[in-house]
Amino acid sequence: MLDMKYIRENLDEAERRLATRGGAFYLAGFRELDDERRRLLHASEALKAERNRVSDEIGKVKDKSQVQDQILGMRAVSQKIKEQDEELKQLDEKLQALLLTLPNLPDPTTPLGASENDNVEIRRWGNLPAFDFDPKAHWDIGEGLGILDFERAAKITGARFCLYRGAGARLERALLNFMLDLHTGQHGYEEVLPPFMVNRDSMTATGQLPKFEEDLFRLVDPDYLLIPTAEVPVTNIHRGEILKRSDLPIRYTAYTPCFRREAGSYGKDTRGLIRQHQFNKVELVKFTHPSESAAELEKLTADAEQVLQLLRLPYRVMALCSGDIGFSAAKTYDIEVWLPGQSCYREISSCSTFGDFQARRAGIRFREDEKGKPEFVHTLNGSGLAVGRTLVAVLENYQQQDGSVLVPEVLRPYMGGMERIA
RNA sequence: GGAGAGAUGGCCGAGUAGGUCGAAGGCGCUCGCCUGCUAAGCGAGUAUACUGGGAAACCGGUAUCGAGGGUUCGAAUCCCUCUCUCUCCGCCA
């Protein structure tokens, strides 16, 4: 959520900065709603002040018959207050609804651009593997080895699910354990294992609601939603809290499955593991001091990159442009891994800083010192990494001509010493 | 699922025949005094949001005692609904 006062005082600038996302009509109506709300608020509060004052006097009088006039007067005032508050409540809801649908302001360092074509490549790592045969796509490799079974998953549930088997299931587990061990052991993150379904307040705090409900899986009876990313439950760990300056930065890593409807992506990536309704992810989440969030984003991205470096998987890092960053993000780096089966780079991690956007929605604050006023923290998160897509990258980059797949060195301890999936 | 108990400020914990309660007291914390240092002791201060005024320091208003409604001139206190926590029973991985 954006700061109302900032919008009030910098309406044109806010509109201009939002427009760089593409779409220039975001703030229509704000001024009127805000002015009207404050006018009503003043009127209502003045009446309440009067009621409080008179009621106080009434309370001091023993013989109530002497103050019948005041009581009758206040009865009318109370009625008036009730009417005004009803009106005020509706205005508040409208204003709140408007604010909740406004995306974050792009960070000044986010490149300007309209679409993913304007994203900026920041760096590349690793050499693309050379094959003296035609590298296959992971679904062919996986089905050939009997470790990925899409047909039976479709029978069990439907499209966009996968049944992992044998070494495939184990490889997935090896990857996520490897990632968690790396981040907790080397990068200073605390491991957490959060709920995989959350309430609406949590989804609203991180920005999935109210705008993107169609992307989420819902439960019918308790009104809970399946998480599309661990960002949601983990960021909400500190919702409504005031942290100590010395607590910051807080770094969490969490494995969770992620559930996404993928509404509107019919026909996209229909084969294989790239776009599933359920996939595993190891997430990195940080709560930082505002002055440290920029540096922490670089570190977080590097932490995610290191997973790929240790797996010796080539990748590139892209700075997303203003037209391509997500709703809540101020700045985002995507890490894209090389997939030889498809001869392209595919997103495997998205690392973002949200500034105080989520913190304001979630009420996550800190005090600079004992006497300081609470200020909003900055929140960041990134995949470290998407496990399913990492498995895809391993299969495609480590495939051999005979259809087998070498197990990356760092994963062998997690695979019971297995060197090759055959 | 059945029965019962509870939810108050950073923490603990008073407060229910409605008013003087943003809320006793204690702890913690901050500042000052005291002390050779520390401890103890003494004094003062110590919630958040919105909002008005002010350059600011700061001053004022409103709201908040789990959440939402209701009764009343007036609600932490009375009524209703919901949520969560705890205990016992049942069930279950």
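These figures come from a predicted structure and were not determined experimentally.
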**Item:** Distance, rounded to the nearest Å, where A:Glu241 contributes CD and B:C11 contributes C1'
**Value:** 15 Å
**Asked** Nearest to the side chain of A:Arg38 - B:G52, B:U48, B:G70?
**Response** B:G52
**Item:** Listed partners of A:Glu336 passing salt bridge (charged side-chain N to carboxylate O under 4.0 Å, His left out), at least two apart
**Value:** A:Arg316
**Request:** Determine, stepwise, if the pair A:Gln186 / A:Gln306 fulfils side-chain hydrogen bond (donor to acceptor under 3.5 Å, both in side chains).
**Result:** CA-CA 10 Å; A:Gln186 309 288 315; A:Gln306 211 198 345; over 6 Å; no
**Complete:** Separation of B:U72 atom P from A:Lys80 atom NZ, nearest Å, is 20 Å
**Request:** Would you kindly give the CG-to-P distance between A:Asp85 and B:G70, to the nearest whole Å?
**Result:** 10 Å
**Prompt:** Which one, B:U20, B:U71, B:U48, comes nearest to the side chain of A:Asp56?
**Reply:** B:U20
**Request:** Could I get the full list of ring pair (Phe, Tyr, Trp, His ring centres under 6.0 Å) partners for A:His378, not counting sequence neighbours?
**Result:** none
**Asked** Listed by chain and number, what are the salt bridge (charged side-chain N to carboxylate O under 4.0 Å, His left out) partners of A:Glu57, not counting sequence neighbours?
**Response** A:Arg53
**Test salt bridge (charged side-chain N to carboxylate O under 4.0 Å, His left out) applied to A:Arg39 - qualifying residues, sequence neighbours left out** = A:Glu36
**Message:** Side chain of A:His42 only, heavy atoms from C-beta on: which candidate in B:G52, B:A47, B:G74 is closest?
**Reply:** B:G52
**Message:** Applying side chain to side chain contact (heavy atoms under 4.5 Å, CB included), can you list everything that pairs with A:Leu219, at least two apart in sequence or on another chain?
**Reply:** A:Met197, A:Tyr224, A:Leu226
**Message:** Can you tell me which nucleotide in B:U48, B:U51, B:C73 comes closest to the side chain of A:Pro374?
**Reply:** B:U48
**Request:** Between A:Val61 and A:Arg8, just flag the one whose closest nucleotide in RNA chain B comes earlier from the 5' side.
**Result:** A:Val61
**Fill in**
Atom CD1 of A:Ile81 and atom P of B:U72 are separated, to the nearest Å, by 14 Å
**Asked** Taking the nucleotide of RNA chain B with the closest heavy atom to each, which residue, A:Arg365 or A:Val54, is nearer the 5' end?
**Response** A:Arg365
**Request:** Quote, to the nearest angstrom, the P distance that separates B:U81 from B:G2.
**Result:** 15 Å
**Item:** Whole-Å C1' distance, B:G15 and B:A7
**Value:** 15 Å
**Item:** B:C50 phosphate, OP1 or OP2, under 4.0 Å from A:Arg37 side-chain N/O
**Value:** no
**Prompt:** What integer number of Å spans the C1' atoms of B:A67 and B:U85?
**Reply:** 15 Å
**Asked** Taking the inter-plane angle between the rings of A:His183 and A:His187 on a 0 to 90° scale, is it parallel (under 30°), tilted (30 to 60°) or perpendicular (over 60°)?
**Response** tilted
**Asked** What is the distance from NZ of A:Lys62 to P of B:C73, rounded to the nearest Å?
**Response** 20 Å
**Asked** Which of residues 64-73 of chain A sit near RNA chain B, with a heavy atom under 4.0 Å from it?
**Response** A:Lys64, A:Ile71
**Request:** With C1' as the reference atom in both, quote the distance from B:G18 to B:C58 in angstrom, rounded to an integer.
**Result:** 36 Å
**Request:** List the steps and the verdict of side-chain hydrogen bond (donor to acceptor under 3.5 Å, both in side chains) for A:His289 and A:Glu368.
**Result:** CA-CA 9 Å; A:His289 190 278; A:Glu368 186 68 49; 2.9 Å; yes
**Message:** Nearest whole Å is fine: how far is B:A49 P from A:Asp3 CG?
**Reply:** 12 Å
**Asked** Which letter, B, S or -, goes with each nucleotide of nucleotides 53-65 of chain B from 5' to 3', with contact meaning a protein heavy atom under 4.0 Å?
**Response** --------BBS--
**Asked** Would you say a side-chain N or O of A:Lys5 is under 4.0 Å from OP1 or OP2 of B:U51?
**Response** yes
**Request:** Just jot down the ring pair (Phe, Tyr, Trp, His ring centres under 6.0 Å) partners of A:His277, sequence neighbours excluded, or say none.
**Result:** A:Phe161, A:Phe217
**Complete:** When rounded to whole Å, the CG to P distance for the pair A:Leu91 and B:C50 reads 18 Å
**Prompt:** On a whole-Å scale, what distance lies between the P atoms belonging to B:A49 and B:A57?
**Reply:** 15 Å
**Request:** Using the C1' atoms only, state how far B:G52 lies from B:G66, rounded to an integer number of Å.
**Result:** 31 Å
**Asked** What integer number of Å spans the C1' atoms of B:A63 and B:G74?
**Response** 16 Å
**Request:** Examine the side chains of A:Thr288 and A:Glu296 and answer whether a donor and an acceptor come within less than 3.5 Å of each other.
**Result:** no
**Asked** With sugar-phosphate meaning primed atoms plus P, OP1 and OP2, does A:Lys244 contact a base, only sugar-phosphate, or nothing at under 4.0 Å between heavy atoms?
**Response** nothing
**Item:** Pairwise C1' distance, B:U72 and B:C78 [rounded to whole Å]
**Value:** 10 Å
**Request:** Convert the base pairs of RNA chain B into dot-bracket notation, remembering that pairs crossing earlier ones are written with [ ] and that bases paired across to another strand are shown as |; include only Watson-Crick or G-U pairs under 3.5 Å.
**Result:** ((((((((.[[[..)...(.....]]]((((((.......))))))(((((((....))))))).[[[[[..)....]]]]])))))))....
**Request:** Rounded off to whole Å, could you give me the CZ-to-P distance for the A:Arg367 and B:G28 pair?
**Result:** 19 Å
**Asked** For A:Thr157, what residues pass the side-chain hydrogen bond (donor to acceptor under 3.5 Å, both in side chains) criterion, not counting sequence neighbours?
**Response** none
**Message:** Could you work out, with ring pair (Phe, Tyr, Trp, His ring centres under 6.0 Å) as the rule, every residue matching A:Tyr333, not counting sequence neighbours?
**Reply:** none
**Item:** For A:Glu241, salt bridge (charged side-chain N to carboxylate O under 4.0 Å, His left out) partners two or more places apart
**Value:** none
**Request:** For the residue pair A:Asn199 and A:Ser202, confirm or rule out a side-chain donor-acceptor distance under 3.5 Å.
**Result:** yes
